Amino acid sequence: MINETLSKALNDQLNYELYSSHVYLAIAAYCSGESLDGFANFFTVQAEEEKFHAMKIYKYLNDRGIRVTLSGMDTPNNEYSSVLDAYEHAYEHEQEVTRRIYHLSDLALNDREHATIQFLKWFIDEQVEEESMFDTIINKLKRIDKDSNAFFMMDAEFAARTFTPPAL
Ligand SMILES: [Fe+2]
């Protein structure tokens, strides 16, 4: 049995994952506006991934007999000064997601809610991947700096990114 504080926090995280999807789609739109279709594709895929994360929590809450409720969301940032600025924003966003997942894990641990502790492990591993990915890309973008050839090669590389949702 999941207590009320924990179920509310999980439901909040479901909504925050949907908000994350919104944040990344807004970045994709910024990239499309700059005619950087590869970077736009990268963030469209990222937005899909976030929706998948939300659905993972949605299914878990349903499985545990908890009624899911959706909330409204803040307007994401739509304007960026550069692709690097967008990736730095995304990296900060992921760090906030990690803080939230850790908080959820603390709640589950305090309540000895073992099924939820187990469920959240997937998200903890995922956050390590997400943070590492954004950190690496930011470092590459900084190294590329004003080398436009390298920058457009990276854009081309990201055009190939796809997302195949695993089973929920
Ligand atoms: Fe996520």
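The shown structure was predicted, so the numbers you read here are calculated from the model rather than taken from an experiment.
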> Just by distance, do the side chain of Asn78 and the backbone of Pro76 share a donor-acceptor pair under 3.5 Å?
Replying inline: yes
> Can Arg161 and Glu49 be counted as an ion pair, charged N to O under 4.0 angstrom?
Replying inline: yes
>> Set out, in order, the CA-CA distance, both residues' side-chain angles and the distance that settles side chain to side chain contact (heavy atoms under 4.5 Å, CB included) for Glu88 and Lys142, then state yes or no.
In response: CA-CA 11 Å; Glu88 282 174 337; Lys142 282 182 178 163; 3.6 Å; yes
>> As an exercise, state the distance from CD1 of Ile2 to CZ of Phe119, rounded to the nearest 0.5 Å.
In response: 9.0 Å
> Counting only N and O atoms by type, is there a donor-acceptor contact under 3.5 Å from the side chain of Asp85 to the main-chain atoms of Glu79?
Replying inline: no
>> Between Asn15 and Met73, is the side chain to side chain contact (heavy atoms under 4.5 Å, CB included) condition met? List the steps.
In response: CA-CA 8 Å; Asn15 280 285; Met73 53 178 99; over 6 Å; no
> In Å and rounded to the nearest 0.5 Å, what is the OG to CG distance from Ser32 to Asp37?
Replying inline: 6.0 Å
> What's the shortest heavy-atom distance between Leu107 and Ala9, and which atoms?
Replying inline: CD1-CB, 3.7 Å
> Which pair of non-hydrogen atoms, one from Cys31 and one from Phe39, has the smallest distance, and what is that distance?
Replying inline: SG-CB, 3.8 Å
> So, do Leu84 and Ile138 sit near enough that their side-chain heavy atoms are less than 4.5 Å apart?
Replying inline: yes
> Leu6 and Leu104: side chain to side chain contact (heavy atoms under 4.5 Å, CB included), yes or no, with the steps?
Replying inline: CA-CA 7 Å; Leu6 181 55; Leu104 271 174; 4.2 Å; yes
> Is a side-chain donor-acceptor pair under 3.5 Å present for Glu50 with His53?
Replying inline: yes
> So, does Thr98 use its side chain to make a donor-acceptor pair with the main chain of Glu94 at under 3.5 Å?
Replying inline: yes
> Taking atom OG1 of Thr164 and atom CZ of Phe52, what is their separation to the nearest 0.5 Å?
Replying inline: 11.0 Å
> Can you tell me how far the CD1 atom of Ile66 sits from the CD atom of Glu4, to the nearest 0.5 Å?
Replying inline: 10.0 Å
> If Ile, Leu, Val, Met, Phe, Trp and Tyr residues are connected whenever their side-chain heavy atoms lie under 4.5 Å apart, and connections chain through other members, are Leu14 and Ile117 in the same group?
Replying inline: no
> Should Arg99 and Glu96 count as an ion pair when the cut-off is N to O under 4.0 Å?
Replying inline: yes
>> If hydrophobic clusters are built by linking Ile, Leu, Val, Met, Phe, Trp and Tyr wherever their side-chain heavy atoms come under 4.5 Å apart, do Val83 and Ile27 end up in the same one?
In response: yes
>> If hydrophobic clusters are built from ILVMFWY residues whose side chains come within less than 4.5 Å, do Met133 and Phe163 share one?
In response: yes
> Are the aromatic rings of His93 and Phe134 close, with centres under 6.0 Å apart?
Replying inline: no
> Do other residues, nucleotides or ligands put more than 12 heavy atoms under 6.0 Å from Lys56 NZ?
Replying inline: yes
>> What verdict does the salt bridge (charged side-chain N to carboxylate O under 4.0 Å, His left out) test give for Asp125 and Lys121, after you've listed the backbone C-alpha separation in whole Å, the side-chain angles of each residue and the deciding distance to 0.1 Å?
In response: CA-CA 6 Å; Asp125 291 343; Lys121 282 209 171 112; over 6 Å; no
>> Between Lys59 and Asp63 (salt bridge meaning N to carboxylate O under 4.0 Å), is one present in this structure?
In response: yes
> Are Trp122 and Leu61 linked, directly or through other ILVMFWY residues, by side chains that come within less than 4.5 angstrom of each other?
Replying inline: yes
>> Just verifying a value: how many Å separate Phe152 CZ and Leu36 CG, rounded to the nearest 0.5 Å?
In response: 6.0 Å
> If you round to the nearest 0.5 Å, how far is CG of Leu10 from OH of Tyr58?
Replying inline: 15.0 Å
> So, Gln127 and Glu131: side-chain donor and acceptor under 3.5 Å apart, yes or no?
Replying inline: no
> Which heavy atom of Asp111 sits nearest a heavy atom of Met1, and at what distance?
Replying inline: OD2-O, 4.4 Å
>> Centre-to-centre under 6.0 Å for Tyr87 and Phe42, is that the case here?
In response: yes
>> Hydrophobic clusters here meaning ILVMFWY residues chained together by side-chain heavy-atom distances under 4.5 Å, can you tell me if Val97 and Leu25 are in one?
In response: no
> Can you tell if the side chain of Tyr24 reaches within under 4.5 Å of the side chain of Val45, non-hydrogen atoms only?
Replying inline: no
> Does the side chain of Glu17 reach to within under 4.5 Å of the side chain of Phe123, using non-hydrogen atoms?
Replying inline: yes
> Between Met55 and Leu168, which heavy-atom pair has the shortest distance, and what is it?
Replying inline: C-CD2, 3.7 Å
> Are any of the side-chain heavy atoms of Leu141 and Met154 separated by less than 4.5 Å?
Replying inline: yes
> Any sub-3.5 Å donor-acceptor pair from Asn11's side-chain atoms to Val68's backbone N or O?
Replying inline: no
>> Looking at every non-hydrogen atom in both residues, tell me the closest pair between Ala108 and Thr116 and how far apart they are.
In response: CB-CG2, 4.0 Å
>> Give me the atom names and distance for the closest heavy-atom approach of Ile137 to Phe158.
In response: CD1-CZ, 3.8 Å
